[in-house]
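None of these values were measured; they are calculated from a predicted model. Below, read A as the first sequence line, B as the second, and so on, with proteins coming before strands; counting in each chain starts at 1.
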Amino acid sequence: MKNRKVKSNRAQADYFELLVCQYICHLYNVTFSYSKDLAKLSNKILILPDGKARLKLQNNNFIKIQPKIKEILDYEIGQKGKVVRVIWVGRNLLIETTSDVDAEHINKQRTRFSIKSIANTGTGTLKNLGARQIKNFLGVDFSKQYEEMWLKLRNYLNDLGAPQEKLKKKVQRNQKLLKWATENGRKYQIELNELCFNAFNSLSTKKKIDFLNFITDCNDDNLYVIIVNSVDVIIYKPIEKKLKIIKSIEAKKDKLTDVGYAIYIDGKPTYRVQTNNTNGIGISAYCQRIFWI
DNA sequence: CAACAACTATCAGCGACAAA
DNA sequence: TTTGTCGCTGATAGTTGTTG
């Protein structure tokens with residue numbers, strides 16, 4: 001499935017989430033109200049390059065997590081009563097929750113699932129922080145630099161008027177322009193990384209904890225994360241990772257990179273941080289992404 | 001000139017894939 | 001295999017254009 005352009009089509013993730021919804025409905029005899037969405041998504045994936053392989057991958061991954069989902073829900077039903085409704089949260093509640101699928105119990109409490117389906121290995125992005133969250137949590141405002149990046153690119157292209165989107169496409173289609181834009185953008189990646197690195201270490205311990213708790217979405221007792229890839233199924237409850245009293249949280253740049261760093265919790269490397277443009281270096285907004293180590 | 005449409009920019013979710 | 005780098009998608013908020 002080597003097709004960079006459509007590598008992580010959203011439809012695949014949505015399709016996977018709906019398979020899980022459907023399965024839960026089937027298990028507990030609840031109405032599945034997303035049949036049409038599921039059919040649409042299936043068709044959408046099929047017309048992509050290697051569409052059949054894409055569907056097959058999702059179906060195979062799905063089979064692997066079925067018993068786990070059942071195990072969790074059987075336990076939760078013991079606590080919260082039977083499942084009466086299944087809600088496809090999808091991307092409707094960005095920031096508020098990372099849940100993709102909610103099972104509602106008869107007592108109105110929910111059991112929530114954040115689900116990641118990965119073709120090969122890895123655990124996926126834990127969080128992708130846009131400018132808003134970078135400013136919120138780290139107090140770093142990078143808008144001036146971002147404007148400057150674009151102004152330089154515009155000067156190079158000798159086009160001060162065209163919409164960014166148009167210029168972006170133009171640059172993407174031309175290797176020479178793209179090379180220039182990438183070089184231009186890289187400087188800012190490094191600068192933002194440095195700013196965020198220092199900002200993080202300057203935060204009070206409490207604010208560091210707030211930030212990391214946001215990263216893991218670990219304030220929700222009802223949430224489970226399920227990651228499935230080619231080698232295994234990883235399940236955890238984010239709330240179990242909630243940071244309480246700790247001695248030290250520190251960002252360290254012990255790696256080779258100048259666009260990332262690691263965050264150590266009590267001396268243990270726990271998170272990797274990446275500072276990048278979100279849609280291509282030098283031609284899009286900056287962000288930070290956080291991964292498990 | 002308000003109301004609606006169309007277009008633009010940003011954000012954050014998704015996770016692929018290359019390098020080490 | 002593990003670690004590091006980074007792009008695509010679609011929702012939404014914001015902006016500009018159009019029309020009755």
Side-chain angles (χ1 to χ4, degrees), chain A residues 1-17 37 40-41 44-45 48-50 53-54 57-58 61 89-101 114-137 142-143 146-147 149-150 161-169 171-172 178 181-182 185-186 188-190 192-193 214-215 217 225 227-232 234 253-262 269-293:
Chain A
M1 206 194 294
K2 307 250 183 195
N3 193 323
R4 185 78 179 159
K5 292 281 181 214
V6 283
K7 62 174 183 175
S8 63
N9 192 283
R10 289 299 285 258
Q12 281 169 258
D14 288 346
Y15 175 80
F16 193 79
E17 289 167 12
D37 299 282
K40 263 191 225 160
L41 288 166
K44 200 166 173 181
I45 295 164
L48 294 171
D50 303 307
R54 288 166 193 269
L57 166 68
Q58 302 310 328
N61 275 354
V89 180
R91 299 176 302 282
N92 292 331
L93 300 173
L94 296 186
I95 294 297
E96 189 184 318
T97 179
T98 48
S99 177
D100 299 314
V101 173
S114 168
I115 311 156
K116 298 170 188 291
S117 167
I118 294 164
N120 299 112
T121 57
T123 55
T125 316
L126 194 48
K127 211 67 160 174
N128 185 351
L129 309 168
R132 261 197 304 248
Q133 305 308 328
I134 289 176
K135 198 165 175 219
N136 269 353
F137 285 98
F142 205 62
S143 54
Y146 181 58
E147 277 170 33
M149 179 199 90
W150 263 103
Q164 272 178 210
E165 205 52 34
K166 294 255 172 6
L167 293 182
K168 183 181 164 178
K169 290 223 160 57
V171 168
Q172 277 176 315
L178 186 58
T182 303
R186 256 184 224 289
Y188 295 95
Q189 283 191 336
I190 295 166
L192 178 59
N193 189 63
F214 167 71
I215 294 302
D217 195 7
V225 174
I227 302 164
V228 51
N229 61 35
S230 64
V231 294
D232 55 3
I234 301 160
K253 286 200 275 193
D254 53 357
K255 299 287 159 75
L256 306 167
T257 175
D258 50 12
V259 292
Y261 47 88
T270 307
Y271 304 95
R272 281 190 296 122
V273 180
Q274 278 295 313
T275 308
N276 294 113
N277 292 77
T278 189
N279 284 317
I281 298 172
I283 50 176
S284 70
Y286 287 88
C287 69
Q288 284 206 306
R289 301 166 220 219
I290 322 282
F291 306 84
W292 290 114
I293 290 181

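Between A/T125 and A/G122, the one whose closest nucleotide on DNA chain C sits nearer the 5' end is A/G122. Along DNA chain B, the nucleotide closest to A/Q58 and the one closest to A/T278 are compared, and the more 5′ of them pairs with A/T278. Closest-nucleotide positions on DNA chain C for A/V231 and A/V259 were compared, and the one nearer the 5' end corresponds to A/V231.
Here the nucleotide nearest the side chain of A/E165, chosen from B/dA9, B/dC14, B/dA16, is B/dA9. Out of C/dT3, B/dC14, B/dA16, the shortest distance to the side chain of A/I118 is found at B/dA16. Taking the side chain of A/A13 as heavy atoms from C-beta on, and the options B/dC14, B/dA16, C/dC8, the nearest nucleotide is B/dC14.
Rounded to whole Å, atom P of B/dC14 lies 17 Å from atom CG of A/N276. Atom-to-atom, CG of A/L126 to C1' of C/dT3 comes out at 16 Å; the value is rounded to the nearest Å. Between A/L41 atom CG and C/dT9 atom P there is a gap of 15 Å when expressed in whole angstrom units. The distance between atom NZ of A/K169 and atom P of C/dC8, rounded to the nearest whole Å, is 10 Å. Per the geometry, CE belonging to A/M149 stands 12 Å off P belonging to B/dA9, to the nearest Å. To the nearest angstrom, P of B/dA12 lies 8 Å from CD1 of A/I134. Protein atom CD of A/Q12 is 19 Å distant from nucleotide atom P of C/dG7, rounded to whole Å. In this structure, the CZ atom of A/R132 is 17 Å from the P atom of B/dA9, given to the nearest Å.
With sequence neighbours left out, A/Y286 forms a ring-ring contact (aromatic ring centres under 6.0 Å, His included) with A/F142.
Judged purely by atom type and a 3.5 angstrom limit, A/S114 has no side-chain atom pairing as donor or acceptor with the backbone of A/S99. The backbone N or O of A/S284 lies less than 3.5 Å from a partner atom in the side chain of A/N277, making a donor-acceptor pair.
Considering only side-chain N and O atoms, A/K116 lies under 4.0 angstrom from the phosphate OP1 or OP2 of B/dC14. OP1 or OP2 of B/dA12 lies within a sub-4.0 Å distance of a side-chain N or O belonging to A/Q133. Taking side-chain N and O atoms only, A/Q164 has a distance below 4.0 Å to OP1 or OP2 of B/dT10. Of the side-chain N and O atoms in A/Q274, none sit less than 4.0 angstrom from OP1 or OP2 of C/dG4. Contact check, A/K44 against C/dG10: a side-chain N or O comes under 4.0 Å of OP1 or OP2. Contact annotation: A/Q189 side-chain N/O to C/dC6 OP1/OP2 distance is under 4.0 Å.
Here the CG atom belonging to A/L57 is positioned 10.0 Å from the CD1 atom belonging to A/I118, to the nearest 0.5 angstrom. Rounded to the nearest 0.5 angstrom, A/K253 NZ and A/D258 CG are separated by 8.0 Å. The CD1 atom of A/I215 lies 6.5 Å from the NZ atom of A/K127; values are rounded to the nearest 0.5 Å. For the atom pair CZ of A/F16 and CG of A/N61, the computed distance is 5.5 Å after rounding to the nearest 0.5 Å.
In this model, a side-chain donor or acceptor of A/N128 finds a partner on the base of B/dG13 within 3.5 Å. A donor-acceptor contact under 3.5 Å is not formed by the side chain of A/N277 with the base of C/dC6.
In summary, the side chains of A/T275 and A/N193 do present a donor paired with an acceptor at a separation below 3.5 Å, with no hydrogens or angles considered. Between the side chains of A/R54 and A/Q12, a donor-acceptor pair is found at a separation under 3.5 Å.
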Derivation and outcome, ring-ring contact (aromatic ring centres under 6.0 Å, His included), residues A/Y188 and A/Y146: CA-CA 8 Å; A/Y188 295 95; A/Y146 181 58; 9.0 Å; no
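The stretch residues 280-293 of chain A touches DNA chain B through A/F291, each having a heavy atom under 4.0 angstrom from the strand.
Within the nucleic acid shown, A/K166 comes within 4.0 Å of sugar-phosphate atoms alone, with no base atom in reach, counting heavy atoms only. Among the protein residues, A/Y146 comes within range of the sugar-phosphate backbone only, with heavy atoms under 4.0 Å from sugar or phosphate atoms but none that close to a base.
With contacts defined as side-chain heavy-atom distances shorter than 4.5 Å, the pair A/T278/A/N128 qualifies.
Axis deviation across the helix from B/dC1-C/dG20 to B/dA20-C/dT1 amounts to 20°, comparing end segments of five pairs, rounded to 10 degrees.
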